[in-house]
Amino acid sequence: MDMLRELNPQQQQAVTAGTGAILVLAGPGSGKTRVLTQRIAYLIGYLGVRPYHVLAVTFTNKAAREMDERIGNLLGERNRGLTLGTFHSICGRILRREAQYLPFDPNYVIFDADDQIRVVKQVVKDLNLNDKLYRPHGIHGSISRAKNELLFPDDFPVQTYRDEVVKRVYERYQKMLLASNALDFDDMLLWTAYLLGQMPAVRERYARRYEHILVDEFQDTNMVQYTLLKHLASFHQNIFVVGDADQSIYRWRGADYRNVLRFEEDYPDSQVILLEQNYRSTQTILDTAMAVIDQNPKRTPKKLFTERGDGRKITLRELYDDREMAAFLVGQIAKDVAAQKNEPGDFAVMYRTNAQSRILEEAFLAAGFPYKLVGAQRFYGRREVKDVIAYLRLVYNPRDEISLMRVINTPRRGIGDKSILTLRTYAGQQNLSPGEIVLQMGLYPDSEHGEALPNRVATSLAGFGRLLSSWHTQKDDLTPMGLMDLILGDIDYRTYLEDGTEEGKERWENVMELRRLASEYENRSLEAFLENIALVSDQDTLDDTGNVPTLLTLHAAKGLEFPVVFIIGLNDGTLPHIRSFEDPEAMHEERRLLYVGITRAEDQLYLLYALNRFNYGYMESADPSRYLEDIPLELVSGAPARQNSNYGAIFRPERWDASEEIESVEQQYHPGMNVNHAAWGDGMVLNSKIEDHEEIVDIFFEDVGLKRVVASLARLEIKP
DNA sequence: ATAAAGTGACTTTTT
DNA sequence: GTCACTTTAT
């Protein structure tokens, strides 16, 4: 095997490992994609496994495409029949094939995040709930979490009154989706897991087929995904997973890196292989990354090393505000490019929140420097794009109520709230969806619906019904682009959009861009087009074309690498994000996020923070990120060399100045400690924090319950 | 039924 | 400071 010679011993071990369960713990830049692709090539090319019997799962389409390409390079045509895709796309395929066993039809549509919120809003309204108290976003989050835990509405645990309400919304939400013949992202996984769990015959069919299962980014799997994999591997038990708990950054989406532990429990004979050699970064960058991540508790320490040498020190820089930060980095990039140190495409700028990209764009624009921004939402979230997609979706699946509501009066055709309410009520009585009523009115001009509805309503609805039915009957004879052209022409969408303003022109251009995307589906179905646009991720929109700097969130940066990386907004409140402050697990994830960012850099790393930042349009002063304090001085260029490096003193001028008057306080109490208080007796520390140079401790006392005390005043005694 | 004006919520990350 | 949603006026 020639190809094996290019691998290090650990990589070789992973690629050629035998059957059974195999867990590869792969540090950043350790060549895990390479191991995965070579493993597949090894299975097919060397062991003679038929591609039909191999399943490889990734999280993004981009990762899937990349693997497909690389396997193609190794195997050529011999990879045909391989199942390779994201969890969602693979589930999507299974669900269309097996819909007969499930409460929806094969031509279901996928509701995106926006659609999902609309449904929740509608339900909240239908149930006469106060949407200030029961905010759709929050409710949706609870529903999504439940689905990730494999809980259907009936299983939804109720402990509080709010749970009770959420449960009712969840029930109705789910009914509404099914009535629309629609699934949300979570459903795609949930229904597949349900199918494989409840139907032994179906499970066995798939489990027998997939002799080998390979999973990328295993640390990002949630409970449903884990269950799914377990079902699929239930016959052959050959499951090869690759992951890195330190790069787990999707907990908020239900991901649970403890699946790694679960894996070792469920497959006691599993082999564990560690990949620690890094082929991406300089040792200085790796040391910086390790200094940050080592502060996280309960992790398997990994010693990342490289043969690349130390390289340059990292650059740490304080800027006055976000604007100056953006200007600094654009200037730095321009300077390096002019000096021919780097090409424009070598640079990446990473940030915690999408909102931070705006000021960067302005700076690049002002400098006349081209850039690219990673983010699908930008395009697919646009009103005009969503409208056109809604038309297509409605034609594909007339029961899609969200799409119907979106387009029924866009452009205006005299169907207002009143008419819609009438239609809805009538549809409910007929046990049909509103879309089906409208479609039938178009299909059969003399249908009884026209009689049953008030005259004015019937006339306007029939008009729209004629359009819908004509598209619906022609859809199978047209390409996705052909259908789109037909619709755009029939509704005169261009005239509607182009109102003479620059914005109107832009909107039409976006529609034309969507048309171009549709044109790539010349030989594929409308179904494929709709599914693909529903499942694109921000990462998927990233192409390596155009030699220009890349702007992206830290989340989107996972799996990528760049010679020069700027991580901006390293301020407390931004990174770590303020919304994580209360939750220790979330704080650990913030740290991992920074770790992911740092380890994207090959040669040079810039860490930038601002003294002031804009918040809700107001300027306020900001603290440097606490994580900066963990980075040893000797890794940083230009920083003063001091013994007992105390970044707090260096980075926070106010503390530096004040340090003589106010003694700094060290945290003495930690959660779990047992303490005694003279008056309240024995108790256990729940939480402790330093605030205004005082340690504030929350203690649960056996006799008096929860109390909050100031450590310096309370004279607590620590007990063993 | 629609357009204009006013209100308030919001910003974490995304398949 | 921005967007989406609601109220108000035509």
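Everything quoted here is computed from the prediction, not taken from an experiment. Residue numbers begin at 1 in each chain, while the letters A, B, ... track the order of the sequences.
Counting to the nearest Å, the P atom of B:dT13 and the CD atom of A:Q356 are 9 Å from each other. In this entry the distance linking CG of A:L554 with P of B:dT14 reads 10 Å, nearest Å. Distance, A:F581 CZ to B:dT12 C1': 13 Å, rounded to whole Å. Between the CG atom of A:L189 and the P atom of B:dT14 there is a distance of 18 Å, given to the nearest Å. One atom, CZ of A:F614, and another, P of C:dT2, lie 11 Å apart when rounded to the nearest Å. Distance CG (A:D112) to C1' (B:dT14): 11 Å, rounded to an integer number of Å. Taking atom CG of residue A:N354 and atom P of nucleotide B:dT11, one finds them 12 Å apart after rounding to whole Å. The CD1-P distance, from A:I117 to C:dC3, rounds to 19 Å in whole Å.
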Using ring-ring contact (aromatic ring centres under 6.0 Å, His included), reason through A:Y250 and A:F59 one step at a time and then give a plain yes or no. CA-CA 11 Å; A:Y250 287 103; A:F59 271 86; 7.5 Å; no
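Looking at residues two or more places apart in sequence or on another chain, you find no salt bridge (charged side-chain N to carboxylate O under 4.0 Å, His left out) involving A:E506. Contacts of A:R118 classified as side chain to side chain contact (heavy atoms under 4.5 Å, CB included), with partners at least two apart in sequence or in another chain: A:D114, A:I402, A:R406. For A:Y606, the side chain to side chain donor-acceptor pair (under 3.5 Å) partners are A:Q332, not counting sequence neighbours. In terms of the salt bridge (charged side-chain N to carboxylate O under 4.0 Å, His left out) criterion, residue partners of A:D400 (sequence neighbours excluded) are, by chain and number, A:R393. Here A:N510 pairs with A:F379, A:R382, A:E384, A:V385 under the side chain to side chain contact (heavy atoms under 4.5 Å, CB included) rule; sequence neighbours left out. For A:S580, the side chain to side chain contact (heavy atoms under 4.5 Å, CB included) partners two or more places apart in sequence, or in a different chain, are A:H577, A:A586, A:M587, A:E590.
The existence of a salt bridge linking A:E498 and A:R507 is excluded, since no basic side-chain nitrogen approaches an acidic carboxylate oxygen closer than 4.0 Å.
Contact check, A:T553 against B:dT12: no side-chain N or O comes under 4.0 Å of OP1 or OP2. Within the structure, every side-chain polar atom (N or O) of A:R383 is placed at least 4.0 Å from both OP1 and OP2 of C:dA4. Put simply, A:R413 has no side-chain N or O that comes within less than 4.0 Å of OP1 or OP2 on B:dA1.
DNA chain B is contacted by no residue of residues 218-230 of chain A, taking any non-hydrogen atom closer than 4.0 Å.
Backbone-only contact: A:S419 has heavy atoms under 4.0 Å from sugar-phosphate atoms and none from a base.
Aromatic ring pairs are classed by plane angle as parallel below 30°, tilted from 30° to 60° and perpendicular above 60°; the pair A:Y206 and A:Y210 is parallel. Aromatic ring pairs are classed by plane angle as parallel below 30°, tilted from 30° to 60° and perpendicular above 60°; the pair A:Y371 and A:F364 is tilted.
Checked by atom type, the side-chain pair A:Q247/A:Y595 shows no donor-acceptor distance below 3.5 Å. Inspection of the A:N354 and A:S357 side chains reveals no N or O donor paired with an N or O acceptor under 3.5 Å.
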Both atom distances under 3.5 Å, Watson-Crick or G-U wobble: I'd like the secondary structure of DNA chain B as a dot-bracket string, with | for pairs made across strands. ||||||||||.....
N/O-N/O pairs, protein side and nucleotides 5-8 of chain C side, under 3.5 Å:
unit_1: C:dC5; atom_1: OP1; unit_2: A:K121; atom_2: NZ; d: 3.0

Might you list the N or O atoms of the protein lying below 3.5 Å from N or O atoms in nucleotides 5-10 of chain B, with each pair's distance?
unit_1: B:dC10; atom_1: OP1; unit_2: A:R135; atom_2: NE; d: 2.1
unit_1: B:dC10; atom_1: OP1; unit_2: A:R135; atom_2: NH2; d: 2.4
unit_1: B:dC10; atom_1: OP2; unit_2: A:R135; atom_2: NH2; d: 3.4

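Each of A:Q116 and A:R352 lies near DNA chain B, and the nucleotide nearest A:R352 is the one positioned closer to the 5' end.
Atoms CG and CH2, from A:L183 and A:W191 in turn, are 8.5 Å apart once rounded to the nearest 0.5 Å.
Nucleotides C:dA4 and B:dT13, compared at atom P, are 15 Å apart to the nearest Å.
In this structure, the nucleotide among B:dT2, B:dT12, B:dT14 sitting nearest to the side chain of A:N409 is B:dT2. Comparing B:dA1, C:dT2, B:dT14 against the side chain of A:R253 picks out B:dT14 as the nearest.
For residues 217-228 of chain A, the pairs satisfying salt bridge (Lys or Arg N to Asp or Glu O under 4.0 Å) are A:K32-A:E217, A:E217-A:K558, A:D220-A:K558, with sequence neighbours left out. A salt bridge (Lys or Arg N to Asp or Glu O under 4.0 Å) check over residues 524-535 of chain A, counting only residues at least two apart or in different chains, returns the pairs A:R96-A:E527, A:R96-A:E531.
Interface remark: the A:H555 side chain does form a donor-acceptor pair with the B:dT13 base, using a distance-only criterion of under 3.5 Å.
Both stacking criteria are satisfied for A:W252 over the base of B:dT13: a centre-to-centre distance under 5.5 angstrom and an angle between ring planes under 30 degrees.
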